[in-house]
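Convention: sequence-line order gives letters A, B, ...; per-chain numbering from 1.
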Amino acid sequence: MASIKASIPKGTRDFGPVEMIRRNHIYDTIKSVFKKFGYQEIQTPTMENLDTLTGKYGDEGDKLIFKILNSGDYMLKADGLKQKGEELSSKNLLPLISEKALRYDLTVPFARYVVMHQNEIAFPFKRFQIQPVWRADRPQKGRYREFYQCDADVVGSNSLLNEAEFICIYDEALSKLGLTDFTIKINNRKILTGIAELIGKPSQIVDLTVAIDKLDKIGLEGVEKELLSKGFTADDLQTLKPVILLAGTNEEKLAQLDTILKTSENSLKGISEIREVFDYLASFKLNKAKIELDLTLARGLNYYTGCIFEVKTNEVTMGSIGGGGRYDDLTGMFGLQNLTGAGISFGADRIYDVLEELNLFPHTTQESTKVLICVFGKEEEKYALPLLASLRAQHIHTELYPFGAKIKKQMQYANDKNIPYVIVIGSDEMQSGKLTFKNMQSGTQDKLSIDEIIEKLMIS
RNA sequence: GUAGGUAUAGCUCAGUUGGUUAGAGCAUCAGAUUGUGGUUCUGAGGGUCGUCGGUUCGAGCCCGAUUACUUACCCCA
């Protein structure tokens, strides 16, 4: 059989033992905070029905959904399409050849889950979920085609206490991971909606948000240029300008908005929601997080309706490492009306890259195995088996190097694997009952009885 | 979808205006050391220079195409 080059699809990665220790460190930290705030874990399937996912992420998002090809001979269906006289476009063909897709995020599958299990769920339902998601994007720095999200969402509670707690969760988890300078940006879609109404273009809310979201990247001029090209007028820009150029403390910004947007009912609602979140937050003590009201924060996903969040680290150059917000009608698409939800997501892979760049992973010389038993022959191997069992019975991570390799090779294995202790058993040891016990770090070794060895390993 | 960059040993990379048999470090294996790793020393294996074509007496190097990877844009975690 001809051999093929070993490779994996671009944007995907293998994770070795060291990486897994680090990744689990991130998951475990975030998970413990989620639990502390009363969130319970669920998982959903890797694939969803394609129609569950389409239409939830905007046009751009839909393009990035990985579709799964149906089994069977789909070419026949293409022929059927042709015979019916319909155009053989990928748009027409797609529903015929694909009805499943890989999940694109965790929020939409969660909404689907809530609808399907609504009779078993006690509301408000607080769930967290840590699973990979897939996007058919072009990979680049900090962007993968397979990556993990760590989501916490609550449905069935419109209290803004949830929003305030999300900020606490971000703060606690990221501080615990060792980040010392990061900003949680907050905004409210209702303010943006209000502005769109104010200038009489409520249907162009998406164009508006996408453009002003880029302010810090392309500057005011760039934003204006983009908006003009989308059909906004110079007058519109005049209305918009004081809002997106807002400066000062969060309190000052809110006070200014009160006057600027006093004619927009929607905007005022959004402003008061943000005030309420800040009021809740006043009772909590944050660790390292900076909270910033940012009117240019928009977020691409178009199901958000209330407060929205985004988290950025100020220590390295990296896209957002988390985001979320409130969505009032995500379950409505699946037939369950009037159920509000809100949630946040941690981008675990980006957080990994940040921690690595800042050298923030705990460098505990994580030893998987504590002691390796080396034997000289078949007899010794047999002699070692009861010892192996009793070490493990004491919960000491122990390996026996199977008979057949030179001692040198066995020692090298212990060294490569960072195993701190080695027991050597040869004919001398079997005769005397005193085994050679070597400390690999110091290089010293003694002849000790089995009980003495166990005792040493237990206390070290 | 748009625009750049890169492709040489398992890995990271040198390779002079285009000139004999393409190099280094790391890794691997063997020996110095037949009961001892990590340090040290000695040696060995490992390459259709991404692929196809062109220019040339001669191409790793120049030109064209192609593929893969990568960075940025769009968008996003």
Side-chain angles (χ1 to χ4, degrees), chain A residues 4-13 26 30 57-65 103-107 130-151 170 174 206-207 209-211 213-214 217-218 222 226 297-302 309-313 317-325 343-354 365 372-377 380 401 405-430 435-445 447:
Chain A
I4 51 159
K5 196 183 175 196
S7 67
I8 54 175
K10 67 177 164 191
T12 66
R13 294 147 302 154
I26 294 173
I30 293 172
Y57 308 111
D59 289 344
E60 288 294 324
D62 283 357
K63 282 187 213 155
L64 300 180
I65 296 172
R103 80 168 91 77
Y104 178 90
D105 72 353
L106 300 179
T107 309
I130 298 178
Q131 288 189 275
V133 303
W134 291 267
R135 295 185 188 177
D137 217 345
R138 299 193 86 123
Q140 50 189 272
K141 184 178 162 75
R143 174 180 296 188
Y144 306 100
R145 298 220 283 192
E146 177 184 59
F147 62 97
Y148 274 69
Q149 288 192 327
C150 310
D151 272 33
Y170 273 134
L174 295 175
V206 174
D207 288 337
T209 55
V210 166
D213 194 41
K214 295 177 197 161
K217 214 183 219 169
I218 59 178
E226 176 159 340
L297 172 61
R299 295 194 54 74
L301 298 178
N302 54 20
F309 308 104
E310 193 157 285
V311 188
K312 285 213 64 167
T313 169
T317 308
M318 178 64 74
S320 69
I321 55 175
I344 54 169
S345 177
F346 288 81
D349 298 78
R350 284 189 175 173
I351 291 171
Y352 184 103
D353 291 346
V354 170
T365 48
L372 177 74
I373 305 174
C374 302
V375 294
F376 277 98
E380 287 87 343
Y401 199 108
K406 289 184 192 167
I407 285 295
K408 184 179 174 124
K409 179 96 183 170
Q410 302 186 32
M411 293 293 249
Q412 200 160 348
Y413 174 80
N415 189 65
D416 289 346
K417 212 170 159 181
N418 249 323
I419 298 173
Y421 299 101
V422 167
I423 295 169
V424 182
I425 303 176
S427 49
D428 295 355
E429 284 83 353
M430 280 201 296
L435 309 183
T436 299
F437 182 67
K438 175 161 182 166
N439 179 324
M440 290 295 280
Q441 211 193 337
S442 65
T444 56
Q445 58 185 52
K447 296 254 182 174

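Residues A:Tyr170 and A:Phe346 bring their aromatic ring centres within 6.0 Å.
On the P atoms, B:rU8 is 26 Å away from B:rU2, given to the nearest whole Å. Of the C1' atoms belonging to B:rU6 and B:rU66, the separation is 15 Å, rounded to the nearest Å. Taking atom C1' on both nucleotides, B:rG35 is separated from B:rA27 by 28 Å, rounded to a whole Å. Using atom P as the reference point in both B:rC75 and B:rC61, the two lie 40 Å apart (nearest Å). Taking atom P in both B:rC13 and B:rG50, the straight-line distance is 15 Å, to the nearest Å. Going from the P atom of B:rC26 to that of B:rC41 covers 10 Å, rounded to whole Å. B:rU71 and B:rG18 have their C1' atoms separated by 31 Å, with the value rounded to a whole Å. For B:rG10 and B:rG1, the C1' atoms lie 36 Å apart once the distance is rounded to whole Å.
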Point to revise | Intra- and interstrand pairs of RNA chain B - dot-bracket, Watson-Crick/G-U under 3.5 Å, | marks other strand | key: (((((((..((((.....[...)))).(((((.......))))).....(((((..]....))))))))))))....

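If you take NZ of A:Lys63 and C1' of B:rC75, they are 9 Å apart, rounded to a whole angstrom. Between A:Met318 atom CE and B:rC76 atom C1' the separation is 13 Å, expressed in whole Å. In this structure, A:Leu64 places its CG atom 7 Å from C1' of B:rC75, rounding to the nearest Å. When the P atom of B:rA77 is taken as reference, atom OH of A:Tyr144 falls 16 Å away, rounded to whole Å. Here the P atom of nucleotide B:rC75 and the CG atom of A:Asp62 are 16 Å apart, to the nearest Å. A:Ile65 places its CD1 atom 18 Å from the P atom of B:rC75, with the value rounded to the nearest Å. Between A:Asp137 atom CG and B:rC69 atom C1' the separation is 16 Å, expressed in whole Å. One interatomic measurement links the two molecules: CG of A:Asp213 to P of B:rC76, which rounds to 7 Å at whole-angstrom precision.
Among pairs with a residue in residues 418-429 of chain A, those fulfilling salt bridge (Lys or Arg N to Asp or Glu O under 4.0 Å) read A:Glu429-A:Lys447, at least two apart in sequence or across chains.
Between A:Ile8 and A:Val311, the residue whose closest nucleotide on RNA chain B is further toward the 5' end is A:Ile8.
Residue A:Leu64 holds its CG atom at 11.0 Å from CG of A:Asp59, rounded to the nearest 0.5 Å. Taken from OG1 in A:Thr12 to CH2 in A:Trp134, the straight-line distance is 11.5 Å, to the nearest 0.5 Å. Between the NZ atom of A:Lys141 and the CZ atom of A:Arg350 there is a distance of 10.5 Å, given to the nearest 0.5 Å.
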**Study point:** Base versus backbone protein contacts along nucleotides 32-40 of chain B [heavy-atom cut-off under 4.0 Å; B, S, -]
**Key:** ---BBBB--

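The 12-atom threshold is exceeded at CG of A:Asp416, counting heavy atoms of other residues, nucleotides or ligands nearer than 6.0 Å.
Residue-level contact check: A:Lys214 touches the backbone only, with heavy atoms under 4.0 Å from sugar-phosphate atoms and none from bases.
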So which protein nitrogen or oxygen atoms get under 3.5 Å of nucleotides 70-73 of chain B's nitrogens or oxygens?
from   : atom 1 : to       : atom 2 : distance (Å)
B:rA72 : OP2    : A:Gln140 : OE1    : 3.4
B:rA72 : OP2    : A:Lys141 : N      : 3.3

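A:Glu380 contributes no side-chain N or O that, together with a main-chain N or O of A:Met430, makes up a donor-acceptor pair within less than 3.5 Å. A donor-acceptor pair is defined here as one N or O able to donate and one able to accept, closer than 3.5 Å; no such pair exists between the side chain of A:Gln441 and the backbone of A:Pro420. With A:Asp137 contributing its side chain and A:Arg145 its backbone, the two residues share no donor-acceptor pair below 3.5 Å. A:Arg135 contributes no side-chain N or O that, together with a main-chain N or O of A:Asp105, makes up a donor-acceptor pair within less than 3.5 Å.
In the interface, the side chain of A:Arg350 is paired with the base of B:rC76 through a donor and an acceptor atom under 3.5 Å apart.
Scanning for side chain to side chain donor-acceptor pair (under 3.5 Å) contacts around A:Thr317 gives an empty result, with sequence neighbours left out. In terms of the side chain to side chain donor-acceptor pair (under 3.5 Å) criterion, residue partners of A:Thr107 (sequence neighbours excluded) are, by chain and number, A:Asp151.
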Point to revise | Intermediate values then yes/no, side-chain contact (heavy atoms from CB on, under 4.5 Å), A:Lys409 and A:Tyr401 | key: CA-CA 10 Å; A:Lys409 179 96 183 170; A:Tyr401 199 108; 3.9 Å; yes

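Judged by ring centres under 5.5 Å apart and planes tilted less than 30 degrees, A:Phe147 stacks against the six-membered base ring of B:rA77.
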